[in-house]
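This report refers to the structure that appears directly beneath it.
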Amino acid sequence: MLSSVVACGSDSDTDVGRMTNDFATAIAEQNAEAASEFTTSPAQAAESLQATFSGMDAKKVETTVREPVEYSDGTASFVMKTTYSWPGQGTYETNTSGIARNLSSGWRIQWAPALIYEGMPAGARLQKVRTDATPAPAVNSRTGKTFMKMVPVNTITFDPAAAGKKTDAAISSLSDAIKPIAPLVTSKVIRSKIDDANGQPITAVKLRESDMKDLNADPEKISGVTVERNGQLVMEDRRLSTPLSKSISNYWTAIRDATAGWQVQLEIPGSRPQRLAGKQGPPGKDIATSVDQNEQLVLENTVVEVAQPANVMVLDASSGGILALAQNESAAKRDIEAGVGYATGSTLDPVFGAIDRATKDKNDGDKSANDMLYRFGLGVRFSAPGVSLPRETKKPSISTANFTPSNYTSTMMNMGALGVALARAADGKNQAVAPYVIKGAKTKVTKGELGSFEPPVARDVLDQMATIARTGDASDLTKAPGLRALVGTNGPQGPGWFVGLQGGKVIVVYCEGEKSGTAALQVAQKYFTVSAAD
C-alpha cells in the first residue's frame, strides 16, 4: 500500500497547516484511526473512513492538501484532493473541502462525511465493485449447442452456532423445505456435513433460482439458514455431471476475469448504489469445446456399472478431442483425475514389447525406446485447458537388457493420447496429437515431445490389440465390431485399465480395487451396450 502527500503554500508550516498535512498523510496511508484523531469526532470519523477504505480497497492513495486559510474567528478552511489507484485498472479522484477549528486541545478538523466525498450523508461510503459484461459467455458442445451456461444460483448455508438450541429442529425444517428439489439432502446428510466441519457453517445445497418456487418452505425463515444469490456456471442438461465441469468453469472464470470492469459507487443505506465512475470491458466470446452431450450421457449410464471407483473417458480418434469424461461416486470420493498418473501394470506390455523389438539392436536403445514412448503420448505431461491439471508422473525404470519398465504410471490423458496415436496410425496418419477439450486453446506438452512415430511399431501394437479383442482378455466383449484393445491390471488389487479403439473413438476405462481388471471390462461392456442402444 503506497501513499503520497503534497502540501501547497507557505502556510503549510503553520499549526493548522501541519495538522491538515498530518491528517492527509493518515488518509494516504489508509489509517482510519490515525486520521480520526485529527477530527472533532474521532469515533464517527474512524468508522466512516474505515468503511470507505475497505470498500475502495485501493492499492495506492495519493492525497494533496491545498493551502489552508485561517480566519479571525478561530477557524480555517482547506481543500483536499484524494486519488485512489488500482494499477492496471484505473484511478478515481475526489475533491473535497473542510473546516478546521482551533480548540483548547489544538487545531482539529470539523468532522463531516463530506470530507470523503462531496455531499456524502452519514452512514454512506465509497466502494469499488467488479462489473462483468453481459451476456456472460456460454460453454458450447462440439455441435454448437449450449453445454454450460450462467444462471442465478442460491447457495443455502446452515450455521449451527446461529441456530443454537434450535439446531436439531432447524436441520429437520431445512431438509423438509428442500425435499421437493433435493430429496437426497436429508437431515442425516446435513448433520454429517456439520460434524465433518466441526460445527462450522456448511453449504447444505445449491439450487437454481427457478427451483426456489418449488420448495416446501422459505429456507431463509429457518434459524441458522442464510441464502446467498449469485450467478454460477451450470450444466444446461441437468442429467449431466462430469469432472470436466470444474476445470471448464476455471477456464470460463479466467475469460470473465480478463474482460471484467470496475465501478466506483456511493453506497447509501436503504438506497441503490449510485455509480460515480467506472470502466467496462467487452463481453467474452462463447467457449467452444470438444464435448459431445450425448456421449456424456452414455458415460453417465456406464460408470454406474460397478460399485468400485471407475472413470471413463472417450476421445475422438482423429482429432484427440475429449468427447466425454465421467466417474462414479466412489471415484469422486477418491478424487481420481484424468491428469494424475496411476500404475499401468500389464496394460502396456504390448506397447513395451513392440518398442523393445524396434530398438533392441540400437546402441542407445533405452533412449530410443523412451523417445518412441513420448511420440506415442506416453511419459509426457499434458496441460490441457479445461481438463484437470497434471501432477508428477513417474518415469519408467528401464532394464538395459530389455525395454521392460517396472512400476510404470500413466494418466488417463496419456492413455487417451496413445489410443488416438494408434487410431491415427491405422488411418495412415503417423503423427500423434495432444488431447484437448477447449477448441483453440493449445495443450502444453512437457517432459517429452510428441511427434512422428515409426509405422511398423504402430502396426505391431495394433495387431496385438486386435488379437486381444479377438481371442484374448477382451474377447468376451460384444457389440463392439472392429474393436482393438489393451487390457491389464497392476495385480489383484489393481488398478485395472481398458483402452479400446472402436467406431472412430478411443475409450479409456480406469478402475481401482480388488479385481479391477474385470471391473474395467465390465464398464467397457456397459459402454458398448449403451452406445449400441443409443
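The figures that follow rest on heavy atoms only: side chains count, while hydrogens, waters and symmetry mates do not. Computed from a prediction, not measured in an experiment: that's the story for all the values here.
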* Check the pair Ser175 / Val185 against side chain to side chain contact (heavy atoms under 4.5 Å, CB included), numbers first and verdict last. => CA-CA 6 Å; Ser175 65; Val185 186; over 6 Å; no
* Side-chain donor-acceptor contact under 3.5 Å, Gln50 with Ser54 -> yes
* Asked: Using a distance-only test with no angle check, is there a side-chain donor-acceptor pair under 3.5 angstrom linking Asp316 and Ser319?
  -> yes
* If you measure from OG1 on Thr82 to OH on Tyr117, what distance do you get to the nearest 0.5 Å? -> 13.0 Å
* Asked: Could Asp211 and Lys213 be called an ion pair, given the rule that one side-chain N must be under 4.0 Å from one carboxylate O?
  -> no
* Asked: Is it the case that Arg275 and Gln265 place a side-chain donor and acceptor less than 3.5 Å from each other?
  -> no
* Donor + acceptor pair across side chains of Thr94, Tyr84 (<3.5 Å) -> no
* Asked: Do the side-chain N and O atoms of Thr253 and Asn250 include a donor-acceptor pair separated by under 3.5 angstrom?
  -> no
* To do: Assess whether salt bridge (Lys or Arg N to Asp or Glu O under 4.0 Å) is satisfied between Asp73 and Arg101, documenting all intermediate values.
  => CA-CA 9 Å; Asp73 61 355; Arg101 299 186 182 280; over 6 Å; no
* Asked: Hey, is Lys149 close enough to Asp286 for a salt bridge, meaning N to O under 4.0 Å?
  -> no
* To do: Using the six-membered ring of Trp86, assess whether NZ or CZ of Lys128 lies under 6.0 Å from its centre and within 45 degrees of the ring axis.
  => yes
* **Between Asn230 and Gln232: side-chain donor-acceptor atoms closer than 3.5 Å** => yes
* Does the distance from a Lys or Arg side-chain N to an Asp or Glu carboxylate O, for Glu300 and Arg239, drop under 4.0 Å? -> no
* To do: Return yes if a side-chain donor-acceptor contact under 3.5 Å exists between Asn154 and Glu209, otherwise no.
  => yes
* Of the non-hydrogen atoms in Pro42 and Glu37, which two are nearest, and what is the gap between them? -> CB-OE2, 4.2 Å
* Looking only at side chains, do Gln308 and Ser330 share a donor and an acceptor under 3.5 Å apart? -> no
* Asked: Between Asn95 and Glu93, do the side chains contain an N or O donor and an N or O acceptor separated by less than 3.5 Å?
  -> yes
* To do: Measure from the side-chain N and O atoms of Gln293 to the backbone N and O of Thr146, and report whether any donor-acceptor pair falls under 3.5 Å.
  => yes
* To do: Would you check if there is a donor-acceptor pair between the side chains of Ser141 and Thr143 at a distance under 3.5 Å?
  => yes
* Asked: When you check the gap from the basic side-chain N to the acidic O, do Glu29 and Lys60 get nearer than 4.0 Å?
  -> no
